[in-house]
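Here the structure comes first, spelled out in structure tokens, and everything after it is commentary.
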Amino acid sequence: MTPSQNLETATSSSSDIEKYSDPEYDPLNELPDEVEMSIFDHLEELRQRIFYALIAVAFGVIGCFFAVKPIVQLLELPAQGVKFLQLAPGEFFFVSLKVAGYTGLLISSPFVLYQIIQFVLPGLTRRERRLLAPVVLGSSVLFAAGIAFAYIALIPAALKFFISYGADVVEQMWSIDKYFEFVLLLLFSTGLAFQIPIIQLLLGALGIVSSQTMVSGWRYVILGSVILGAVLTPSTDPFTQALLAGAVLGLYFGGIGLVKLVGK
């Protein structure tokens, strides 16, 4: 070993000793895979990740388009036998594209999420990486739960209200395009609304908001949940809006429990 190498080793050892002896040093704040990259390297990696994600979405959409009829039939079930009409040439074709797009995006989302994680992972500290697995898993489970809740509870409740409201006056024949705008919007908006506990967990774990602060703002949360239920629910009936608002409230207070579990 040359004298210069000895000097570099000694300097490195000395700096490590100083770092570890610092009382404010926290190993969880280190970047374990820190790699020096230029801005152009980052942009090139970002371009590749976006390209791979778009390819996955394209394959998902194309695959769902070829199997779109069973998906459409599944989404028509909550309508309780209502007759659907094609009111313009090609309306069902464009509905098929829309359904295939939403479903393909949903199916390819795990691969897209993987590409996002791989891009941001080198810039995360050990503390932040410990949150990564539970956040990703919890977010995926809650999104699926939100879609299931909308399909099983919200959509049938809203459609039942509309069907029964004018049953003795009008015959129920709906535009296929308008129906799927209603269903797809409600499904995905509910899935997004179910991400509330994950947002709370991140805010609490990062020390931005404590569980006590979340509890103290319960009045604003109730008001916000009512507004959110009215905004996210395409229907105008109060029962469906109250159902979504109640679910949002339950998720919020469940999120407070999660934040308390992590000691925040």
Side-chain angles (χ1 to χ4, degrees), residues 64 68-85 92 94-107 109-110 137-167 169-201 218 220-258:
C64 290
V68 75
K69 288 186 178 179
I71 301 173
V72 168
Q73 291 171 346
L74 179 66
L75 294 176
E76 286 178 347
L77 289 179
Q80 305 173 18
V82 169
K83 186 176 181 180
F84 293 100
L85 301 178
F92 179 69
F94 291 109
V95 167
S96 300
L97 289 177
K98 189 182 299 184
V99 173
Y102 276 96
T103 313
L105 182 61
L106 182 63
I107 291 175
S109 59
L137 179 61
S139 177
S140 303
V141 171
L142 285 173
F143 189 82
I147 290 179
F149 177 74
Y151 182 80
I152 295 171
L154 289 183
I155 294 175
L159 296 181
K160 184 178 180 181
F161 171 81
F162 288 129
I163 291 171
S164 61
Y165 180 75
V169 179
V170 295
E171 186 177 354
Q172 302 295 332
M173 292 186 293
W174 297 346
S175 163
I176 186 73
D177 182 52
K178 297 299 182 182
Y179 173 77
F180 275 94
E181 280 185 7
F182 169 84
V183 169
L184 293 173
L185 176 61
L186 191 54
L187 284 172
F188 280 84
S189 61
T190 307
L192 292 175
F194 269 53
Q195 301 300 305
I196 290 174
I198 300 299
I199 298 173
Q200 291 175 270
L201 180 62
W218 63 271
Y220 303 103
V221 173
I222 293 176
L223 177 62
S225 65
V226 172
I227 295 174
L228 191 64
V231 171
L232 294 182
T233 307
S235 63
T236 55
D237 65 294
F239 177 74
T240 308
Q241 294 176 3
L243 199 60
L244 181 56
V248 169
L249 277 176
L251 289 166
Y252 181 82
F253 288 107
I256 293 176
L258 288 175

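Any value given below was found using the heavy atoms of this structure, including those in side chains, with hydrogens, waters and symmetry copies removed. A quick note: this is a predicted structure, and the numbers were derived from the prediction, not measured.
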Just wondering, do [Y] and [X] contact through their side chains at under 4.5 Å, heavy atoms?
{"X": "K83", "Y": "W174", "value": "no"}
{"X": "V82", "Y": "M173", "value": "no"}
{"X": "F180", "Y": "V99", "value": "yes"}
{"X": "I256", "Y": "F253", "value": "yes"}
{"X": "L142", "Y": "P197", "value": "yes"}
{"X": "V68", "Y": "L97", "value": "no"}
{"X": "L249", "Y": "I222", "value": "yes"}
{"X": "F188", "Y": "L192", "value": "no"}

Kindly determine whether L106 and F143 satisfy side chain to side chain contact (heavy atoms under 4.5 Å, CB included), including the steps that lead there.
CA-CA 10 Å; L106 182 63; F143 189 82; 3.4 Å; yes

Between Y179 and F84, is the gap from one ring center to the other below 6.0 Å?
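Yes, the ring of Y179 comes within the 6.0 Å limit of the ring of F84, centre to centre.
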
[X] and [Y]: which non-hydrogen atoms are nearest, and at how many Å?
{"X": "I107", "Y": "C64", "result": "CD1-SG, 3.4 Å"}
{"X": "I155", "Y": "P78", "result": "CG2-CB, 3.7 Å"}
{"X": "V248", "Y": "S225", "result": "CG1-CB, 3.9 Å"}
{"X": "P156", "Y": "A150", "result": "CD-O, 3.9 Å"}

Just verifying a value: how many Å separate L75 CG and Y151 OH, rounded to the nearest 0.5 Å?
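One finds 6.5 Å between CG of L75 and OH of Y151.
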
The single option from L187, L186, V183 passing side-chain contact (heavy atoms from CB on, under 4.5 Å) against L154:
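Among the candidates, only L186 passes.
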
List the steps, then state whether side chain to side chain contact (heavy atoms under 4.5 Å, CB included) holds for I147 with F194.
CA-CA 9 Å; I147 290 179; F194 269 53; over 6 Å; no

Surrounding NZ of K178 (heavy atoms of other residues, nucleotides or ligands, distance under 6.0 Å), is the total greater than 12?
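Atom NZ in K178 is not crowded, with 12 or fewer foreign heavy atoms closer than 6.0 Å.
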
Please determine whether side chain to side chain contact (heavy atoms under 4.5 Å, CB included) holds for the pair D177 and F94, giving the CA-CA distance in whole Å, both sets of side-chain angles, and the decisive distance to 0.1 Å.
CA-CA 8 Å; D177 182 52; F94 291 109; 5.9 Å; no

Going through the distances and angles, do I176 and E76 end up as a side chain to side chain contact (heavy atoms under 4.5 Å, CB included)?
CA-CA 9 Å; I176 186 73; E76 286 178 347; 3.4 Å; yes

